[in-house]
K.L.:
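Just dropping this structure here.
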Amino acid sequence: MEKIQRPKKELALLSDFYQLTMAYAYWKAGIHQRKAAFHLFFRRPPFHGGFTIASGLDPVIEFIESFHYSASDLEYLSSIKTQNDTPYFDDGFLSMLEHLRLSVDVHAVEEGTCVFPYEPLLRVEGPLMQGQLLESPLLNLVNFSTLITTKASRICLAAQGDPVVEFGLRRAQGKNGALTASRACFVGGCTSTSNVLAGKTFGIPVQGTIAHSWIMAFDDEEEAFMTYAQVLPDACVFLVDTYDTIEGVKKAVRVGQWLKSHGKKLIGVRLDSGDLAQLSIQTRKILDEAGFQDAEIIASNELDEIVISELKHQGAKITMWGVGTNLVTGKEFPALDGVYKLSAIQDPKGHWKNTLKLSEQFVKISNPGRLQIKRFMNKDLYFADMLYDIELGIHDYSECIDLLDATKVYNLKSCTSSFDVLVPVFKEGKCVYKSPTLREIQKKTQSELSKLPVGIKRFLNPHTYPVGMEKELYKKKVELIKKIRTKMK
């Protein structure tokens, strides 16, 4: 599968208004060029799970590469007025935006990588104003994509190697949500999509069957199957539950015999209602006895990873899964709570100064510094992650301190290898990263999941993957918290 080249769009205004007002204030204050570091991370794993799959980097690259304010953008910004009916932005600022080209450095977690709470998915370094302008669009591009990729990977784990087809277009949140979801689902492991535009845009295989309306357009169900077989003899998957599922299967078999007599193949049948476990068992018996042992049994109807796991446990004979609403909407967990925080800024002399956001809730206190993730392995499995500051380095590789509980220390002495997770993507605004194909990203997802301990992948009450902080960085964080609180008194 080759990467599809997509036309670049004018999306610089894909931003919350306060990003622009802060950018204007930075510029007026004369600090807009001061170098700063931001991190994008999330605080809770989606779906109450034990892992998350990073996604959305390719759209981030496209956004940064094409970032510019068009003439119409600037005209619109010039029209925005304050409550006193004066322009929000003066001509000098708008002129600066007209010639602005991003010069940021970006390090990122590659798509398809397993990630965990409080770990940076992106580190953005560069002029303060530029980093600020990127906050909302980067969160938009990463949050939803990561959420749906994670959901897809969970559903594909539940399917235990059976193909999963994404059927979510009609229930997705708008056309852009549908396209993003289709791409994210493929990254997560789905084999194909029903979304034809996603097929064209991303090169994802497209697949579909027939709807109940096809059957109801004919006087007889078998006539409907036969007519379809005559029109598309190489694509026959019959929806059999319009009136009576088992009778529908028997009619599909008779049309399948006709296909076989003409050198064609009954690809399968689809079940879309009823007791899917029992119906699939009965359907398998009918198909096998008629000589269609290789015919697929495709199931749909409000499926998710929990339902699929239960159907597997009940001995269902389903061989392919069509999943829609619960997949493309992340239904029970509709948003990844990704945030974007300033973590370091240079003073006028060019010295880095760490920053953090305080909160009465320790879980909402951000982490200071210019962060990297060191991932430790024990043979073939991931063992633990350590956040460290690239300025401070790692002083002790033997253990790290839990991010939320200083009394918990992770012993890393048994680990056999380690590597940095964030990779360079942009250097001074120039992309230095070669994006893999979507198929390659999908394979990476599967490889990553194979390296997670089984307990982390459980759907109910999963183990918590150990993520800690390098000792010296933790010490600096505590000192910074004390210093800020002292100033506040």
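No hydrogens, no waters, no symmetry mates; every other heavy atom, side chains included, goes into these values.
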K.L.:
Side chains of K477 and N367 only: does a donor on one sit below 3.5 Å from an acceptor on the other?
P.N.:
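Yes, a side-chain donor-acceptor pair sits under 3.5 Å.
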K.L.:
Should we say atom NZ of K475 is surrounded by more than 12 heavy atoms from elsewhere, each under 6.0 Å from it?
P.N.:
no
K.L.:
Between the side chain of N354 and the main-chain N/O of P368, is any donor-acceptor distance below 3.5 Å?
P.N.:
no
K.L.:
Roughly how far, to the nearest 0.5 Å, is the CD1 atom of I365 from the CG atom of L403?
P.N.:
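Rounded to the nearest 0.5 Å, the CG-CD1 separation comes out at 12.0 Å.
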K.L.:
Check whether the ring centres of F93 and Y24 lie less than 6.0 Å apart, and answer yes or no.
P.N.:
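So the answer is yes for these two rings.
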K.L.:
Do the side chains of F426 and I61 get nearer than 4.5 Å, heavy atoms only?
P.N.:
yes
K.L.:
Is any side-chain heavy atom of V432 less than 4.5 Å from a side-chain heavy atom of V425?
P.N.:
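Contact flag for V432/V425 side chains = no.
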K.L.:
For N301, enumerate each residue passing the side chain to side chain contact (heavy atoms under 4.5 Å, CB included) test, keeping only those at least two apart in sequence or located in another chain.
P.N.:
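With neighbours one apart ignored, the set is D272.
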K.L.:
Less than 3.5 Å apart, any donor N or O on the side chain of T86 or N84 sitting next to an acceptor on the other?
P.N.:
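N84 and T86 do not have a side-chain donor-acceptor pair below 3.5 Å.
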K.L.:
Is the shortest side-chain heavy-atom distance between L102 and L134 below 4.5 Å?
P.N.:
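Heavy-atom side-chain distance check passes, below 4.5 Å.
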K.L.:
Do C114 and L449 come within less than 4.5 Å of each other through their side chains, counting heavy atoms only?
P.N.:
yes
K.L.:
Closer than 3.5 angstrom, by distance alone: can the side chain of D73 be matched with the main-chain N or O of S70 as a donor-acceptor pair?
P.N.:
yes
K.L.:
Go through E110 and Y433 one step at a time and tell me if the side chain to side chain donor-acceptor pair (under 3.5 Å) criterion holds.
P.N.:
CA-CA 10 Å; E110 294 187 281; Y433 178 75; 2.7 Å; yes
K.L.:
Could you report the tightest heavy-atom contact between V328 and G168, atom names first, then the distance?
P.N.:
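The pair with the smallest heavy-atom distance is CG2-O, 3.4 Å.
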K.L.:
Surrounding CZ of F17 (heavy atoms of other residues, nucleotides or ligands, distance under 6.0 Å), is the total greater than 12?
P.N.:
yes
K.L.:
Residues in salt bridge (charged side-chain N to carboxylate O under 4.0 Å, His left out) with D105, at least two apart?
P.N.:
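With neighbours one apart ignored, the set is K427.
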K.L.:
Taking the basic N atoms (NZ, or NE/NH1/NH2) and the acidic carboxylate oxygens, is any pair closer than 4.0 Å for E448 and K443?
P.N.:
no
K.L.:
Using a 3.5 Å distance criterion without hydrogens, assess whether the side chain of T445 forms a donor-acceptor pair with backbone atoms of G188.
P.N.:
no
K.L.:
Would a distance-only check, ignoring hydrogens and angles, find a side-chain to backbone donor-acceptor pair under 3.5 Å from S79 to Y76?
P.N.:
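Here the side-chain-to-backbone pair exists.
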K.L.:
Give a yes or no on whether D405 atom CG has more than 12 heavy-atom contacts from other residues, nucleotides or ligands under 6.0 Å away.
P.N.:
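Yes - once you tally the heavy atoms of other residues, nucleotides and ligands closer than 6.0 Å, there are more than 12.
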K.L.:
Would you say the side-chain atoms of H99 pair up with the backbone N or O of S95, donor to acceptor, closer than 3.5 Å?
P.N.:
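Yes; judged by distance alone, with no hydrogens or angles, the pair exists.
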K.L.:
Less than 4.5 Å apart, any side-chain heavy atom of R123 and any of V106?
P.N.:
no
K.L.:
Is it true that the side chains of E472 and Y388 contain a donor and an acceptor less than 3.5 Å apart?
P.N.:
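No, because no side-chain N or O of E472 sits under 3.5 Å from a partner of the opposite role on Y388.
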K.L.:
Any salt bridge linking K444 with E111? Criterion: basic side-chain nitrogen under 4.0 Å from a carboxylate oxygen.
P.N.:
no
K.L.:
Could you check whether E10 and Y69, counting side-chain N and O atoms only, form a donor-acceptor pair closer than 3.5 Å?
P.N.:
no
K.L.:
Okay, side chain of S103, backbone of G429: is any donor-acceptor separation there less than 3.5 Å?
P.N.:
no
K.L.:
Find out whether Q372 and M386 are in side-chain contact, i.e. whether some heavy atom of one side chain is under 4.5 Å from a heavy atom of the other.
P.N.:
no
K.L.:
Run the side-chain donor-acceptor check on residues 34-50: report pairs under 3.5 Å with partners two or more places apart or on a different chain.
P.N.:
| residue | atom | partner | partner atom | Å |
| --- | --- | --- | --- | --- |
| R34 | NE | Q346 | O | 3.4 |
| H39 | ND1 | S343 | OG | 2.8 |
| H39 | NE2 | L371 | N | 3.0 |

K.L.:
For I53, does its backbone N or O pair with a side-chain atom of T150 as donor and acceptor, under 3.5 Å?
P.N.:
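Yes, because the side chain of T150 sits within donor-acceptor range (under 3.5 Å) of the backbone of I53.
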K.L.:
Do T193 and N195 have side-chain N/O donor and acceptor atoms under 3.5 Å apart?
P.N.:
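Absent: no donor and acceptor within the cut-off.
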K.L.:
So for atom CG, which belongs to D347, do other residues, nucleotides or ligands contribute more than 12 heavy atoms lying within a distance under 6.0 Å?
P.N.:
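Count over threshold, so yes.
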K.L.:
Flag the pair R375 and E119 as a salt bridge only when some basic side-chain nitrogen lies within less than 4.0 angstrom of an acidic carboxylate oxygen.
P.N.:
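Judged by the 4.0 Å cut-off on N to carboxylate O distance, R375 and E119 do form a salt bridge.
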K.L.:
Donor-acceptor pair, distance only, cut-off 3.5 Å: does the side chain of E440 make one with the backbone of T437?
P.N.:
yes
K.L.:
Within the distance-only criterion (no hydrogens, no angle test), does the side chain of T146 pair as donor or acceptor with the backbone N or O of N143 below 3.5 angstrom?
P.N.:
no
K.L.:
Over all heavy atoms of both residues, which pair between T355 and L342 is shortest? Give the atoms and the distance, please.
P.N.:
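T355 and L342 have their closest heavy atoms at OG1-O, 3.0 Å.
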K.L.:
Surrounding NZ of K81 (heavy atoms of other residues, nucleotides or ligands, distance under 6.0 Å), is the total greater than 12?
P.N.:
yes
K.L.:
Going by the angle between their ring planes, with limits at 30° and 60°, are F116 and Y465 parallel, tilted or perpendicular?
P.N.:
parallel
K.L.:
Could I get the full list of side chain to side chain donor-acceptor pair (under 3.5 Å) partners for Y118, not counting sequence neighbours?
P.N.:
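Y118 satisfies side chain to side chain donor-acceptor pair (under 3.5 Å) with no other residue.
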K.L.:
Please name all residues satisfying side chain to side chain donor-acceptor pair (under 3.5 Å) with D402, sequence neighbours left out, ordered by chain then number.
P.N.:
Y410
K.L.:
Considering residues at least two apart in sequence or located in another chain, which fulfil the salt bridge (charged side-chain N to carboxylate O under 4.0 Å, His left out) criterion with D420?
P.N.:
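Partners of D420 by the salt bridge (charged side-chain N to carboxylate O under 4.0 Å, His left out) criterion, ordered by chain and then number, come out as K374.
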K.L.:
Do you see a donor-acceptor pair shorter than 3.5 Å between the side chains of E310 and Q314?
P.N.:
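Side-chain D/A pair, E310 to Q314: present.
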K.L.:
Would you call V421 and P120 a side-chain contact if the rule is heavy atoms closer than 4.5 Å?
P.N.:
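A side-chain contact is absent here, since even the closest heavy-atom pair is not under 4.5 Å.
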K.L.:
Should we say atom CZ of R458 is surrounded by more than 12 heavy atoms from elsewhere, each under 6.0 Å from it?
P.N.:
yes
K.L.:
Is there a salt bridge (charged side-chain N to carboxylate O under 4.0 Å, His left out) between E399 and K471 once you walk through the steps?
P.N.:
CA-CA 8 Å; E399 57 187 25; K471 289 181 177 180; 2.5 Å; yes
K.L.:
Can R101 be said to sit on top of F67's aromatic six-ring, NZ or CZ under 6.0 Å from centre and within 45° of the ring axis?
P.N.:
no
K.L.:
Has the side chain of T149 got a donor or acceptor atom that lies under 3.5 Å from a matching backbone atom of A184?
P.N.:
yes
K.L.:
Just by distance, with hydrogens left out, do S182 and E166 show a side-chain donor and acceptor under 3.5 Å apart?
P.N.:
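Yes - a donor-acceptor pair under 3.5 Å links their side chains.
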K.L.:
Looking only at side chains, do T416 and N378 share a donor and an acceptor under 3.5 Å apart?
P.N.:
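T416 vs N378: no donor-acceptor pair found between side chains.
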K.L.:
Whether the T325 and T329 side chains hold a donor-acceptor pair (N or O, under 3.5 Å, no angle test) is what I'd like checked.
P.N.:
no
K.L.:
Would you mind reporting whether F459 and L157 have side-chain heavy atoms less than 4.5 Å apart?
P.N.:
yes
